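What follows is one structure encoded as structure tokens, with my remarks underneath.
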Amino acid sequence: MNISRSKITIVLLFLVIVGFRSRCYGQQAGQQPNVIVILTDDQGWGDLGYHGNTNLETPHLDRLAASGASFSNFYVSPVCSPTRAELLTGRYHPRGGVYSTSAGGERLDLDETTIAEVFSRAGYRTGIFGKWHNGMQYPYHPNGRGFDEFYGFASGHWGDYFSPQLLEHNGKAVQGEGYITNDLTDKALSFMRQHRHEPFFLYVPYNTPHSPMQVPDRWWNKLEDKKLDMRHRDPGKEDPEFSRAALAMVENIDWNVGRILETVRQLDLDNNTIVVYMSDNGPNSWRWNGGMRGRKGSTDEGGIRSPLFIRWPGKIAAGTRIFDISAAIDLLPTLADLAGVALQTAHPPDGISLAPLLLKQQRSRKNRLIFSHWNGRTSVRNSTYRLDHRGRLYNIKRDRGQRHDSSDQHPGLTRKLTRAVRKWEKQVLSALDEDEERPFPVGHPDFRYTQLPARDGMPHGNIRRSNRYPNASFFTGWTSRRDSITWNVDVRAGGRYKVEVYYTCAPEDRGSVISLSFKSHRLVHKVSRAHDPPLRGRKQDRVERVESYVKDFRPLELGVIRLEEGQGTLTLKALDIPGRQVMDVRTVMLTRVDNERH
């Protein structure tokens, strides 16, 4: 075989470049770094001892920050599901069809490539343990988005944190084991031990300190009577009891993060594991947050500034401080870059790799803009200033609290940033159709289970939700044969499905006959067994909740129904009501018995 010297030179040069990159990023053949991403829910930037809050103690998180890189200007979205979508895809959340936090608006479009898919293609084992919040029914489900293992829940929030019902393990309904944050950590640690000899990508999106404010006595007792020395900038807005509960929940998170870090050490994976820690939005109450304006839901600093710590011993120098502006959209490009994983996605990311900054191979970028959007409001941040959604300009380096509008002093910059916002909205928001009809998929050929919760259904007649917030709610008030509950569905694989309805029914209301129908097929069942547990949650709440209380719902097996492939309305009705009402309904669970596709 005759190979020219020029071709040999090109090949050798390519190998040198690849080898140099691997040495720079600390990779040797067969030694891809593990990646652990820990995301908290409704934890503010200020809910950390590392950021100067003396109201609580977070020793493990403080050490995590000090042993790697900490970011001073890292931004997320104002609420839960958009941040998760941006972390997963490296793209602004409207591009992925996320416009709400419930009832289907939280779903991430199926043509988006997720971080789990990127790492899975590179040979990683992938697991998620916690709150997903980007779609419940497969293929929106985590197991349809690149994750081998899922334990947790797909909803926006949960109604009970102590051994809760209707958690999922790879789609199958299971009962939680103990306090939810501890339980999620237990499962994550098992995943790490199981895959210690192969590269893994582990995503741990905790659902605390999101309300309801439930936390075990061990952490509550420490803070219950503590004087809060650091208060919100407008103390009259703050509820100290809520603040104490949130901080107790953060201290519990800190303990669990300590368990993760200790397991990494015990498994001798320290030097080959990248650990990331962040929150999904600003605090869920008015409490100390560095004097910033706004909280969860706001596009001001207080609503979108998040902690970000990244540790990789031997690669990222301890005590690294990064002041460049950065955002959740940067995490996918950054982690893929650090791990040497090919960033092959269906759509180009909006984010950039921060690896050169972390490894001190590149100077700061001065001309970058980061946009924050929610609920019709958009703000934009450059290296120094923020233009808020009302067109007011603030020098964030000097005025993090956004108290002094400087738009009059800088009219040219104000006009420039205003034009940038309009251009971004035209490009990014134009693709988002909040009224787009996206039925809930049922019976995907690659997945056995479909859960249709009350959150995704529509009540008709007298039936109402147990709470105005759909997540974790149930349907009640079913008193008439004219009443119904419907789900707009798309059956992806026709066939026979076992039907279970998670219900409660008082003894005096036994005997109702109900039907579940779809197109030409109907299933009829008599509710002959009473199940009437009390509402639960109040005794465990440290402060009064705004979300729905829950019950211990029991599965009522209706039988097997044949579902035809295609779109239609799944309808639950009553044919006979001998008592005062039919029953309360939390979820319809469908399990495929057979599949018409072969």
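Predicted, not measured: the structure shown is a model, and the values here were computed from it.
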Can [X] and [Y] be counted as having a side-chain donor-acceptor contact under 3.5 angstrom?
| X | Y | result |
| --- | --- | --- |
| D456 | Q137 | yes |
| H133 | E106 | no |
| R305 | Y75 | no |
| H157 | S211 | no |
| S548 | Y469 | no |
| S243 | E238 | yes |
| T126 | D148 | yes |
| Y151 | D183 | yes |
| H531 | T504 | no |
| N488 | R438 | no |
| S473 | N467 | no |

Let me see the working for N143 and Y138 under side chain to side chain contact (heavy atoms under 4.5 Å, CB included), right down to the final yes or no. CA-CA 7 Å; N143 291 132; Y138 196 96; 4.2 Å; yes
With distance as the sole test, does D483 use its side chain to make a donor-acceptor pair with the main-chain N or O of S480 at under 3.5 Å?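 Judged by distance alone, yes, a pair lies under 3.5 Å.
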With the threshold set at 4.0 Å, does a side-chain nitrogen-carboxylate oxygen contact exist between [X] and [Y]?
| X | Y | answer |
| --- | --- | --- |
| R259 | D186 | yes |
| K222 | E251 | yes |
| R542 | E241 | no |
| D388 | R293 | yes |

How close do [X] and [Y] get, counting heavy atoms only, and between which atoms?
| X | Y | result |
| --- | --- | --- |
| F74 | L331 | CZ-CD1, 4.2 Å |
| N471 | S102 | OD1-OG, 3.5 Å |
| N289 | P283 | ND2-CD, 3.5 Å |
| S326 | F71 | OG-CD2, 3.5 Å |
| T299 | S379 | O-OG, 2.8 Å |
| P212 | M249 | O-CE, 3.8 Å |

Is the ring centre of [X] less than 6.0 Å from the ring centre of [Y]?
| X | Y | answer |
| --- | --- | --- |
| H141 | F447 | yes |
| H51 | W45 | yes |
| F150 | H169 | no |

Less than 4.5 Å apart, any side-chain heavy atom of [X] and any of [Y]?
| X | Y | answer |
| --- | --- | --- |
| S372 | R386 | yes |
| V37 | L335 | yes |
| R448 | K172 | no |
| L429 | Y99 | no |
| Y502 | P555 | yes |
| F475 | W478 | no |
| F553 | Q165 | yes |
| L189 | E262 | no |

I'd like to know whether H373 forms a side chain to side chain donor-acceptor pair (under 3.5 Å) with T378, so could you lay out the CA-CA distance, the side-chain angles of the two residues, the decisive distance to 0.1 Å, and finally the verdict. CA-CA 4 Å; H373 175 81; T378 306; 2.8 Å; yes
Could you measure the distance from the [atom1] atom of [X] to the [atom2] atom of [Y]? Nearest 0.5 Å is fine.
| X | Y | atom1 | atom2 | value |
| --- | --- | --- | --- | --- |
| D62 | E57 | CG | CD | 9.5 Å |
| L48 | L61 | CG | CG | 6.0 Å |
| D239 | H232 | CG | NE2 | 13.0 Å |
| I128 | Y203 | CD1 | OH | 5.5 Å |
| T476 | R465 | OG1 | CZ | 12.5 Å |
| W219 | T181 | CH2 | OG1 | 9.0 Å |

With salt bridge (charged side-chain N to carboxylate O under 4.0 Å, His left out) as the test, would you mind laying out the steps for D109 and R95 before giving the verdict? CA-CA 9 Å; D109 283 347; R95 293 194 193 274; over 6 Å; no
Would L570 and V442 satisfy side chain to side chain contact (heavy atoms under 4.5 Å, CB included), going step by step from the backbone distance to the final call? CA-CA 10 Å; L570 188 73; V442 166; 5.8 Å; no
Establish, for the pair R107 and F440, whether the NZ or CZ atom is under 6.0 angstrom from the six-membered ring centre and no further than 45 degrees off its axis.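 Judged by the rule (NZ or CZ under 6.0 Å from the ring centre, within 45° of its axis), R107 counts as positioned above F440.
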Does the side chain to side chain contact (heavy atoms under 4.5 Å, CB included) test come out yes or no for R145 and L108, once each step is laid out? CA-CA 10 Å; R145 308 310 297 261; L108 178 65; 4.0 Å; yes
State which residue, out of D41, T185, N256, fulfils the side chain to side chain donor-acceptor pair (under 3.5 Å) condition with Y206. T185
Test applied, salt bridge (charged side-chain N to carboxylate O under 4.0 Å, His left out); reference residue, D229; option that passes from K226, K227, R231: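 The single option meeting the salt bridge (charged side-chain N to carboxylate O under 4.0 Å, His left out) with D229 is K227.
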Applying the salt bridge (charged side-chain N to carboxylate O under 4.0 Å, His left out) test to E301, which of R381, R295, R233 qualifies? R381
What do the steps show when you test E112 against R91 for salt bridge (charged side-chain N to carboxylate O under 4.0 Å, His left out), and what is the final call? CA-CA 9 Å; E112 294 288 338; R91 288 159 51 82; 2.9 Å; yes
Please step through side chain to side chain contact (heavy atoms under 4.5 Å, CB included) for the pair I577 and D509, ending with a clear verdict. CA-CA 8 Å; I577 309 175; D509 294 328; over 6 Å; no
Please determine whether side chain to side chain donor-acceptor pair (under 3.5 Å) holds for the pair N53 and R287, giving the CA-CA distance in whole Å, both sets of side-chain angles, and the decisive distance to 0.1 Å. CA-CA 11 Å; N53 193 339; R287 54 185 184 264; over 6 Å; no
